[in-house]
Protein chains: 2
Amino acid sequence: MAFQEIIARKRDGYQLSRHEIEELVSGYTDGSIPDYQVSAILMAICLKGMDVEETYYLTDAMLKSGETLDLSGLGGAKIDKHSTGGVGDKVSLALAPIAASCGLVVPMISGRGLGHTGGTLDKLESIPGYRTDLSVSDFRSVLSKCGASIIGQTSDVAPADKKLYALRDVTATVESIPLITASILSKKLASGIDGIVFDIKCGSGAFMKTFDDAASLAKSLVDTAKRFDKKCRALITGMDEPLGNAVGNSLEVMESIDYLRGNFISDLHEITVSLGAQMLIIGEVELSEDKARQMIEDSISSGKALDVFKRMVELQHGDQRIIDDNSLLDLAETKDEFLSPSDGYISEIETRDVGLAANALGAGRQRIEDSVDFGVGFNFRKKTGDKVSKDEPIAEIFARNITDIAMAKDKLQRAVEISPEKPPTDGKVLRLIE
Amino acid sequence: MAFQEIIARKRDGYQLSRHEIEELVSGYTDGSIPDYQVSAILMAICLKGMDVEETYYLTDAMLKSGETLDLSGLGGAKIDKHSTGGVGDKVSLALAPIAASCGLVVPMISGRGLGHTGGTLDKLESIPGYRTDLSVSDFRSVLSKCGASIIGQTSDVAPADKKLYALRDVTATVESIPLITASILSKKLASGIDGIVFDIKCGSGAFMKTFDDAASLAKSLVDTAKRFDKKCRALITGMDEPLGNAVGNSLEVMESIDYLRGNFISDLHEITVSLGAQMLIIGEVELSEDKARQMIEDSISSGKALDVFKRMVELQHGDQRIIDDNSLLDLAETKDEFLSPSDGYISEIETRDVGLAANALGAGRQRIEDSVDFGVGFNFRKKTGDKVSKDEPIAEIFARNITDIAMAKDKLQRAVEISPEKPPTDGKVLRLIE
């Protein structure tokens with residue numbers, strides 16, 4: 001069958017067969033199907049959708065386009081956590097050591113920041129010496145020694161996804177639940193995990209703006225992962241303000257270490273404990289959610305989780321002295337404060353704009369080839385619902401020069417809304433999908 | 001604005017602006033927008049549509065991508081006819097001379113056959129010497145001398161359409177009313193006409209299988225042409241059996257000459273007169289439909305239309321002796337008859353299959369670069385609704401060898417259905433859209 005007939009079938013809303021989907025993925029990867037035919041079928045998928053069966057076939061074909069890791073020699077359930085990304089989302093940095101200290105193996109393959117969102121790899125690389133490009137055998141070695149390792153994707157994993165994503169990015173075909181599902185899962189399943197917990201963000205700082213879109217993606221990820229016989233759950237969590245206080249690479253590492261020392265910021269703690277409990281449940285370390293949550297609290301208060309973090313940093317060639325000495329992390333020396341323009345309550349923070357403001361300071365990337373400035377960013381002192389007086393500091397700004405400080409103040413001014421009435425504040429964990 | 005944002009707007013169902021549509025057409029034509037982005041937006045247009053305003057902008061941008069002819073020096077209203085194509089559709093061959101003999105100027109730029117449909121240019125080229133590649137000044141000269149000229153599209157006309165059509169063909173984005181409308185109209189309006197009558201075919205031998213699809217295309221063509229201040233009407237006509245008796249290039253020329261001599265085959269005559277009357281009405285030669293129809297009958301019975309045909313053939317370097325001597329046309333000498341397999345009535349002719357059978361003999365093309373055999377084809381002796389006895393000839397087959405004869409018989413056997421009951425037969429002209 002000529003490939004345009006397969007395109008026509010999806011255009012007309014039919015379910016594609018496993019064979020047709022495999023032809024798409026292998027043909028695009030080996031270059032026998034040209035990009036203009038692939039972009040046409042991607043748009044048809046965007047507009048006509050794919051069911052769970054098709055999404056499973058697509059994920060499987062993309063997964064099989066590259067190498068998969070075999071971590072079967074490691075003892076313990078191998079459980080990962082993946083977030084769809086947000087502003088100030090440093091959860092992985094603390095959660096991987098926490099889960100490992102509770103008995104799981106956490107082989108985490110993370111990404112870099114792009115657009116308004118930060119990336120776990122960039123945050124970790126702000127630790128002097130920390131290497132995210134470990135070989136598979138080194139990755140396995142770190143996991144066997146401390147139970148957690150966070151590295152970047154190797155080029156051998158799901159090459160079809162890399163090629164497809166680059167095409168989707170320039171053809172307005174990123175926003176598709178089945179395509180997002182296959183892209184995420186094909187990479188995640190390549191790391192040889194037994195199960196995964198997803199943190200699906202929704203709100204002004206998230207890729208999914210609405211609860212309904214987030215719920216659709218969560219359901220698609222969970223249903224598709226189960227077709228691979230993987231344990232999978234998803235939490236839908238709010239991303240209507242930066243998570244925690246810090247936005248920026250070094251600042252977020254500092255906040256994570258502080259958190260592992262037991263200095264809890266309520267939203268960060270709520271999400272970390274909730275995700276961690278689900279990891280312990282699907283990894284069958286502890287089936288009671290209450291007890292799982294308590295294990296996590298204990299792993300922090302006992303210092304065990306911080307010990308695993310320290311060991312992971314050391315094993316990945318990072319300078320572990322940063323754990324006791326923040327000053328070893330790069331931090332921009334031009335500082336100023338963003339002050340409240342009036343009395344009232346913080347009623348809204350346009351979170352995507354805060355991410356873009358940090359990005360403009362140099363904390364993130366506009367294009368994948370841009371470099372990142374670890375030392376810049378924001379430390380919020382007030383969050384949504386907090387009472388503020390005129391000229392009271394809302395956030396501290398770390399930048400490279402006063403021009404950037406002024407630019408950041410201007411952007412924060414537009415992003416933060418003050419109201420006379422105290423706004424309702426809800427918990428951050430909105431729904432569990434299993 | 002990055003082009004992917006324009007793609008996203010159409011993906012999300014928004015109306016594109018004139019500027020955005022111009023950017024699509026000019027960017028693709030000059031190579032600054034890559035084919036993979038264009039195929040994505042073409043698929044989005046297929047699935048989300050375009051309104052009349054957008055279709056007008058698209059047509060106009062494609063029209064302006066190339067040269068337009070200025071025929072303003074010629075006296076008389078310049079009225080064209082365009083058919084969406086079918087099997088045995090030789091209407092243009094007789095209708096252009098008929099309309100010219102009634103006082104119109106008919107500057108007809110026609111196409112070649114592809115797939116199951118034949119093409120007017122191929123039919124005319126079966127006349128020895130006939131040239132379809134006239135220069136603009138020669139085209140104008142033929143028109144000034146005899147009122148009608150039928151030539152092929154020059155490469156300077158609507159180059160954007162040529163490039164877009166090639167991409168649509170391989171990306172399953174041909175089937176879109178606004179894209180079809182812009183493709184047809186951008187070429188037709190480039191020939192400097194005052195008005196046009198469309199013959200929108202529907203049925204098993206047509207591009208549009210259903211009446212509703214044909215009506216949508218007819219309405220889109222008429223509405224869009226009016227935005228250019230052109231007079232435009234469309235007839236929806238049935239293409240549920242081959243039009244007339246002949247299918248094949250030389251055979252259709254013979255049938256057309258025979259028709260201009262007054263030997264009427266009812267369906268061919270019905271459609272020719274109906275289209276011709278609409279041409280005379282919009283060209284304001286005759287506003288009463290009854291009188292317009294009578295003018296056409298008179299132009300045939302008086303021999304004036306045949307004289308124009310003869311003169312056109314001569315002016316386009318064709319051997320006009322073919323008009324009185326059929327044997328000067330190439331005709332395959334291996335002949336046989338397809339006989340009725342049973343007693344009964346012809347209840348259905350799968351017209352597309354008949355077209356493909358003629359194509360398999362060599363009468364048409366599978367790919368645009370294929371050559372055409374003028375001498376092969378079918379002459380039907382019976383049509384839908386006719387009574388047949390077992391072994392009575394239904395069609396005569398002209399082929400190059402007995403293997404092809406056997407293949408054609410087999411295909412006709414599958415295409416023609418015989419029933420014991422006489423099927424209802426309707427007129428071929430189904431609706432006027434104006």
Side-chain angles (χ1 to χ4, degrees), chain A residues 1-14 16 20 23-24 27-29 31-50 114-115 162-180 207-210 213 366-368, chain B residues 1-14 16 20 23-24 27-29 31-50 114-115 162-180 207-210 213 366-368:
Chain A
M1 195 190 285
F3 192 70
Q4 53 263 47
E5 293 178 44
I6 299 176
I7 303 173
R9 279 174 37 72
K10 181 45 70 184
R11 178 199 67 200
D12 296 340
Y14 294 103
L16 298 183
E20 289 169 335
E23 190 174 330
L24 161 64
Y28 188 48
T29 310
S32 61
I33 299 175
D35 45 17
Y36 53 80
Q37 289 191 318
V38 176
S39 63
I41 200 167
L42 290 173
M43 181 58 80
I45 292 169
C46 268
L47 292 174
K48 292 289 183 164
M50 274 184 152
L114 190 64
K162 193 167 282 186
K163 207 170 166 186
L164 281 167
Y165 192 85
L167 186 62
R168 287 167 60 205
D169 192 37
V170 293
T171 56
T173 51
V174 169
E175 290 88 344
S176 155
I177 300 285
L179 295 179
I180 296 168
F207 188 67
M208 297 284 155
K209 303 289 176 235
T210 68
D213 284 348
Q366 286 178 295
R367 289 169 307 179
I368 201 77
Chain B
M1 196 191 282
F3 192 70
Q4 53 264 45
E5 293 178 45
I6 299 177
I7 304 174
R9 278 172 38 71
K10 182 43 73 184
R11 178 199 67 200
D12 296 340
Y14 293 102
L16 298 183
E20 289 169 334
E23 189 175 329
L24 161 64
Y28 188 48
T29 311
S32 62
I33 299 176
D35 46 15
Y36 54 80
Q37 288 191 317
V38 176
S39 63
I41 200 167
L42 289 172
M43 181 58 80
I45 291 168
C46 267
L47 293 173
K48 293 289 184 164
M50 273 185 153
L114 190 63
K162 193 166 281 185
K163 206 170 168 188
L164 281 167
Y165 192 85
L167 186 62
R168 288 167 59 206
D169 193 37
V170 293
T171 56
T173 51
V174 169
E175 290 88 344
S176 156
I177 300 284
L179 294 178
I180 296 167
F207 188 67
M208 297 283 155
K209 303 290 176 233
T210 68
D213 283 348
Q366 285 178 296
R367 288 168 307 179
I368 200 77

Measuring heavy-atom distances to chain A, does [X] have an atom under 4.5 Å in its side chain, in its backbone, in both, or in neither?
X      : value
B/D169 : backbone
B/K48  : side chain
B/I7   : both

Side chains of [X] and [Y], heavy atoms from C-beta outward: is any pair under 4.5 Å?
X      : Y      : answer
A/F3   : A/L24  : yes
B/E23  : B/L16  : no
B/Y165 : B/V174 : yes

For A/E20 and A/K10, run salt bridge (charged side-chain N to carboxylate O under 4.0 Å, His left out): C-alpha distance rounded to whole Å, both residues' side-chain angles, the deciding distance at 0.1 Å, then the answer. CA-CA 10 Å; A/E20 289 169 335; A/K10 181 45 70 184; over 6 Å; no
Flag the one option from B/A44, B/S39, B/P34, B/A8 with the top tally of heavy-atom pairs under 4.5 Å to chain A.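 Most heavy-atom pairs within the cutoff with chain A belong to B/S39.
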